[in-house]
Every structure is written in C-alpha cells, then in structure tokens.
Protein chains: 2
Amino acid sequence: MSKGEKKRRRALDAYSTLQRAASMASAQVEQAVHPFGLSASQFGVLETLQSRGPVHQQELAEALGRSKAQMTAIIDALEARGWVRRERHATDRRFISVYLTDDGRAVLVSTAPARSDAIVAIMAELSGDQRARLARLCRRLLRVLDPEQSIEPIDESHAEAHDDAADDAHDDDELDDPAVETTLPSPT
Amino acid sequence: MSKGEKKRRRALDAYSTLQRAASMASAQVEQAVHPFGLSASQFGVLETLQSRGPVHQQELAEALGRSKAQMTAIIDALEARGWVRRERHATDRRFISVYLTDDGRAVLVSTAPARSDAIVAIMAELSGDQRARLARLCRRLLRVLDPEQSIEPIDESHAEAHDDAADDAHDDDELDDPAVETTLPSPT
DNA sequence: TATTGTTATACTCTATAACTATA
DNA sequence: TATAGTTATAGAGTATAACAATA
C-alpha cells in the first residue's frame, strides 16, 4: 500500500471518529437538557443573552449560526414561555432587542448545571491535559473550516483566548502532562 | 475562581470546540458529496455494501445507526436510481438482501474520491501525528459514549490501556484491511 | 408469538423566498 | 434602495406505532 493511500486512510479514520464522538456526545448532552424542555438552540440563545446582555435577533442568529428565520422561531418559543421578551429599538424601530427575563435566568440557572454535568461526565474520560489537547486540535481544524471567527465561540464573559494550558497549570486533578503539545507547528 | 469551576469551563470549552469542528467539517464534506446527489446516509449504505457485500436491511440499519423505517426510505431512494437492488432471501422470505448494482459501484467510485479529498483537505491542517492523536482522543471519548462498539480502529484495536503521547511515532505500513472505507458517515 | 420490512404520522431542523415595516 | 424581522413552504432527518408477510 502506498504511503499516500495510508495517509488518506488515517485522515478518513480521524474524520469518522471525530464525527462519531461529536454526535454521540451531543446526543447525550441534549438528553440531559431535554427534561427542561430546552433545545440546544434555545439554550444557546439564553446563554448568549446571559453573557452578552440584550442583543438584536440578527446578532443572535450570527452568533449561533442560524438564519434569521430560524431565530424568529426560536425566540417565539422562548417568548411564549416567558423566558425572553422582545423590545423594539427606541430610535431605529427595525431592530428588536431580545432580553432575558428573570424566569429565563432561572431556567438557565437550573439547566446549565445539568448540561455541564453531562459534558463534564463525558470529558472525565480524558485527563485535563488531554481535554486541552483535544480542544486545541479541534480549534486548529477550525482554522480551515471557519477562518472567519475561529477565535472564540459563544464564550463566557472572560475570554482566555490566548493559548491555553499555560495558565495556572495546577487546576486539574489528573495527570498534568507537562509535554503539552508544544508544537503548534508550521501550517502546510 | 475555584479549581472545579475552572475544570468545568475547560470541559465545556473542549466540548463546544469539538462540536463546532465536527459540524463544520461534516458540512464541508457533505457539500463535496452533494453534487453527486448522495446524502451522507445513502453514501454510507453504498459504502457498507461495497465493503461487506449484500446485507439485510436491518444489518444496514444497525451498521449506520438508523431505524429500520429510515432504512426503508434510504434504500427506496437508492433503488429508484438503480444503485442498489432488493432481493428476498431464498429460504427465509422475511429478509431482504440489498445488493450494490454496477451503477451503484460506479457512483461510489466517482464519489468516494471527492469525499475523501474533502476530508484529507481538512485534515491537512494537522500533522500526521496530530491526526492520530485526535482520533485517539475521540476514540477514548467513545469508550464512555458508546461502550458497545467502540472497537474497530485503524491501528489500535487492542491497545487502549496505555496512555498516549508515546505511540504513533512510527509508521506501521500494512494493515491491509479489506474493509477500506469504514467511514460510517455521521448523523449530520 | 416473534421478526423483517413497510406505511403512516408527527415533530424538529434546515433552507429559501416573499413579504412588512422601517430607514 | 437597503435592512430587520416575519411568514410560508418545502425538504431532510428522527422517532414511533401500527401493520403485513413470514417464520
């Protein structure tokens, strides 16, 4: 078998494994949030509102990678349950700002832990160092996949956007591998 | 910030990055296959038939993680285009074996390279070592996510006991696997 | 009675375009 | 005219349950 053939197969293997892990993980996480009656998108909206404060629907749509039409539906559902409210912009009445209500905040408070518990449970299979490595490898893929905004998703307030694994190295209870992916080598 | 808090945020970060990378990658790969008029599931069926030979619909459903009802629809579409054909099992007439036709094989031949090109292009962002590491980390996650069938990889069907960072320095040329293209396309 | 595959239904997501109201 | 949001529609994907033919 040729060298190129083999490399190709390795790439396919990495891809399919990545896909399978991501899909099973998200299934498990969504299941954890489901009892609260929140879809992943709805949760994302609430979370974004919490971290950014009131924003326009379009901004939400962009942040979460949905169309404005989808965002209308998502907000509709959240508004119907009283978790967000809409308010026209005072001066430019084309805009609608979406606000998180107290109820919405409460839902988030009770949902977020269930969600992150599920995520932590999955990620517990990896050591702290491995988690960081996984994130870094994925971020690297995102450089090709999403060159635009490959610098932070819907990050929480304090963005530690700089290269991770450097800050306080004593936060993980498991083996902190010192040989942390020092490479970050030459693209191409 | 507490130790647990931080660990939690790291887990969330790893999770969201994984999800984003997987979803953008699959979008890109599906786009590469789309011109051929094949959905990911349809491609998966053809590929499975190629590597395993004729199988029952239920076997296909299990292999690809779809319900038998879904599989009926998928096979319907493929059969309508003449890429597979159904045939009742001779002795137990409840079973239907699905065969890849010559046309189906031809479609696969012209589609598979486009698909794997797309995957290789994405994975080219990583070094060979990083690709292997990514696959290994994901497979590790699958141990919790899918304990059943988390065995089938390309080069370590047994070695899961040791910790990484040590392996994959060498090229094990060979591993002539008959089941090339075991790519199990992911649910979206 | 159990199993294979089909049909029917319903609900979610996604993708688009046409529409409104504002600017 | 351009933009923000809404509505309508159509297509996939998913999840069930009821059903027919076969065992």
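Every chain is numbered from 1, with letters handed out A, B, ... down the list of sequences.
An OP1 or OP2 oxygen of C:dG5 is reached within less than 4.0 angstrom by no side-chain nitrogen or oxygen of B:Q57. Between A:Q70 and the phosphate of C:dT14, there is a side-chain N or O to OP1/OP2 separation shorter than 4.0 Å. Side-chain nitrogen and oxygen atoms of A:T72 include none within less than 4.0 Å of the OP1 or OP2 phosphate oxygen of D:dT7. Not one side-chain nitrogen or oxygen of B:R88 sits closer than 4.0 Å to the OP1 or OP2 atom of D:dA23. Contact between the side-chain N/O atoms of B:R66 and the OP1/OP2 oxygens of D:dA12 is not found at any separation under 4.0 Å.
Rounded to an integer number of Å, the gap from CD1 of A:I75 to P of D:dT6 is 9 Å. The distance from atom CZ of B:R94 to atom P of D:dA23 is 7 Å, rounded to the nearest whole Å. Rounded to whole angstrom, the span from the CD atom of A:Q31 across to the C1' atom of C:dT12 amounts to 16 Å. At whole-Å resolution of the value, CE in A:M71 and C1' in C:dT16 are 17 Å apart. One atom, CD1 of A:I74, and another, P of C:dT12, lie 13 Å apart when rounded to the nearest Å. A:I96 has its CD1 atom 5 Å from the P atom of D:dT6, to the nearest Å. Straight-line distance from the CG atom of A:L38 to the P atom of C:dT12: 13 Å, rounded to whole Å. Taking atom NE2 on A:H34 and atom P on D:dA15, their separation rounds to 11 Å, with Å as the unit.
Of the candidate nucleotides C:dA17, C:dT22, D:dT16, D:dT16 has the atom nearest to the side chain of B:S67. Relative to the side chain of A:R86, the nucleotides D:dG5, C:dT4, D:dA2 differ in distance, and D:dG5 lies closest.
Residues A:R93 and B:E59 both approach DNA chain C. Their nearest nucleotides, taken by heavy-atom distance, put B:E59 toward the 5′ side. Mapping A:S39 and A:A90 onto DNA chain C via the closest heavy atom, the residue that lands nearer the 5' end is A:S39.
Nearest heavy-atom pair, B:Q19 versus A:A22, reported as atom, atom and distance to 0.1 Å: NE2-O, 2.9 Å.
At a threshold of 4.0 angstrom between heavy atoms, the contacts of A:A73 with the nucleic acid are absent. Backbone-only contact: B:H56 has heavy atoms under 4.0 Å from sugar-phosphate atoms and none from a base. Residue contacts shown for A:S97 are absent, as no nucleic acid heavy atom lies under 4.0 Å away.
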**Request:** Just do the side chain to side chain contact (heavy atoms under 4.5 Å, CB included) check on A:R81 and A:Q42 with the steps written out, would you?
**Result:** CA-CA 11 Å; A:R81 304 225 249 166; A:Q42 290 171 350; 4.2 Å; yes

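Within the 4.5 Å cutoff, side-chain heavy atoms of B:H56 are placed close to those of B:H89.
Side-chain atoms of A:R8 and B:S116 include a donor-acceptor pair closer than 3.5 Å.
For A:R86, the CZ atom counts as densely surrounded, since its 6.0 Å shell holds more than 12 non-hydrogen atoms of other residues, nucleotides or ligands.
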